[in-house]
Amino acid sequence: MNDIINFGSINVDHVYSVNSLVQEGETITAIERNLYYGGKGLNQSIAAARAGGRVHHAGLIGGTGEGLAEYLASAGVDTSLINRTAVEQGHAIIQVDRKGKNSIIVYPGSNHQIGREYINHVLSRFPSGGFLILQNEISNVSYIISKAQELGFHVVFNASPIDSSLPEIPIGKLTWLMINQTEGQALSGKYTPDGIMAFLHEKHPHTGIVLTLGEDGVLCLQGDTLLSFGVYKTEVVDTTAAGDTFTGYFVSSLANGDSLETAVRLASAASAMAISSPGASASIPYMRDVLSMLASNNVPYVEKRLSAGPF
Ligand code: RIB
């Protein structure tokens with residue numbers, strides 16, 4: 001099994017349950033508020049660890065983030081590389097409506113203090129060949145991608161959240177790009193799933209692409225092979241961290257030497273389970289539960305060769 005290093009954000013999530021998401025110019029009253037540990041980085045580390053991966057989290061705990069490293073460690077993640085900063089801990093303001101849909105504001109805080117010296121130190125601790133996960137919630141993302149690719153890591157980038165730094169990301173240096181439809185549109189200027197895949201593949205033919213489409217399933221493209229999966233149906237309680245669960249399970253499965261088909265199946269089933277309970281990291285399932293769901297529920301998939309024709 002390969003090591004998984006996650007250079008990832010660590011947040012405290014302030015989650016407000018609301019009847020419907022607040023609109024421009026509107027003031028609404030929340031039904032309740034809960035605090036959870038989150039951040040796309042922390043969630044993805046926990047998902048990869050619950051999937052059975054050997055996960056090392058690199059990131060910063062801020063002045064107000066006591067308890068976060070212990071939480072990660074209790075999930076089986078190696079936290080020995082996590083550093084401290086006096087800057088305030090990153091946090092997120094999350095609204096979740098009655099249908100389980102959300103909207104999120106992230107305040108980067110400590111997550112934007114990750115500097116090159118620290119990055120070089122972390123990368124120097126691992127042999128080449130491992131997997132490196134990144135999301136767009138920390139500083140120096142492009143530097144980490146370039147350095148890690150140079151050192152021979154398989155770099156997996158989840159292009160979330162979308163911000164002005166996204167066009168600068170060296171996508172061609174990634175082994176895997178993980179996107180949803182909105183992120184795909186931002187990166188390609190195309191609106192349909194096929195259009196997004198075709199555009200990104202033509203521009204970056206050596207980068208595998210996973211495009212998650214919510215209720216419409218998942219497209220996964222590597223080299224000449226395009227896999228199209230349906231979706232596992234579950235009750236929608238809270239969609240927060242569905243994408244993080246997908247990425248963590250996907251990478252853990254690949255690091256374990258599984259086939260692409262297995263990796264997508266595990267990731268899809270795990271993220272379907274995550275949306276059926278509240279919270280971010282709190283909703284991420286364990287591998288044994290994912291396997292038992294898969295034993296009774298397997299969605300079909302279609303495999304296509306790109307060389308056989310256009311998308
Ligand atoms: O993907 C969900 C996560 O996005 C939350 O945990 C929040 O912290 C934001 O980073």
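Ligands are counted one by one from 1 in listed order, and the atoms in each one are counted from 1 as well. Values below: all heavy atoms of this structure, side chains included; hydrogens, waters and symmetry mates excluded.
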- Message: Does either side chain, that of Asn111 or that of Ser9, offer a donor lying less than 3.5 Å from an acceptor on the other one?
- Response: no

- Query: Which protein non-hydrogen atom lies closest to atom 5 (C) of ligand 1, naming both residue and atom, and how far is it?
  - Reply: Asp13 OD2, 3.3 Å

- Message: Considering non-hydrogen atoms of the protein only, which is the closest contact for atom 1 (O) of ligand 1, and what is the distance?
- Response: Asp244 OD2, 2.7 Å

- Item | His57 side, atom NE2; Ile5 side, atom CD1 - distance, nearest 0.5 Å | 12.0 Å

- Message: Which of the numbered atoms in ligand 1 are under 4.0 angstrom from any heavy atom belonging to Ala280?
- Response: 6 (O)

- Query: Strictly under 4.0 Å, does any heavy atom of Ser9 approach an atom of ligand 1?
  - Reply: no

- Any donor-acceptor N/O pair, Asn256 side chain to Asp258 backbone, under 3.5 Å: no

- Message: Using a 4.0 Å cut-off to any heavy atom of Thr240, which atoms of ligand 1 qualify?
- Response: 2 (C)

- Message: Just to confirm my output: which protein heavy-atom neighbour is closest to atom 4 (O) of ligand 1, and how far is it?
- Response: Lys40 NZ, 3.0 Å

- Message: Tell me whether Ser276 contacts the main-chain N or O of Met273 through its side chain, where contact means a donor paired with an acceptor under 3.5 Å.
- Response: yes

- Task: Have a look at ligand 1 and work out which part of Glu137, if any, has a heavy atom under 4.0 Å from it: side chain, backbone, both or neither.
- Result: side chain

- Task: May I ask you to identify, for Leu42, whether its side chain, its backbone, both or neither come under 4.0 Å of ligand 1 on a heavy-atom basis?
- Result: neither

- Item | Other cluster members, Val96 - Ile/Leu/Val/Met/Phe/Trp/Tyr, side-chain contacts below 4.5 Å | Val15, Tyr36, Ile94, Ile104, Val106

- Min N/O separation Gly39 to ligand 1 under 3.5 Å: yes

- For ligand 1, which atoms sit closer than 4.0 Å to a heavy atom of Ala92? 7 (C), 8 (O)

- Does the Ser45 side chain pair with the main chain of Leu42, one donor and one acceptor, at a distance under 3.5 Å? no

- Task: Mark yes or no for whether Ser283, through its side chain, and Pro278, through its backbone, hold a donor-acceptor pair below 3.5 Å.
- Result: no

- In the protein, what heavy atom is nearest to atom 3 (C) of ligand 1, and what distance, to one decimal place, separates them? Asn43 ND2, 3.7 Å

- Note on the structure: Applied to residues 71-106, the ring pair (Phe, Tyr, Trp, His ring centres under 6.0 Å) test, sequence neighbours excluded, yields His14-His91, Tyr37-Tyr71, His91-Tyr107

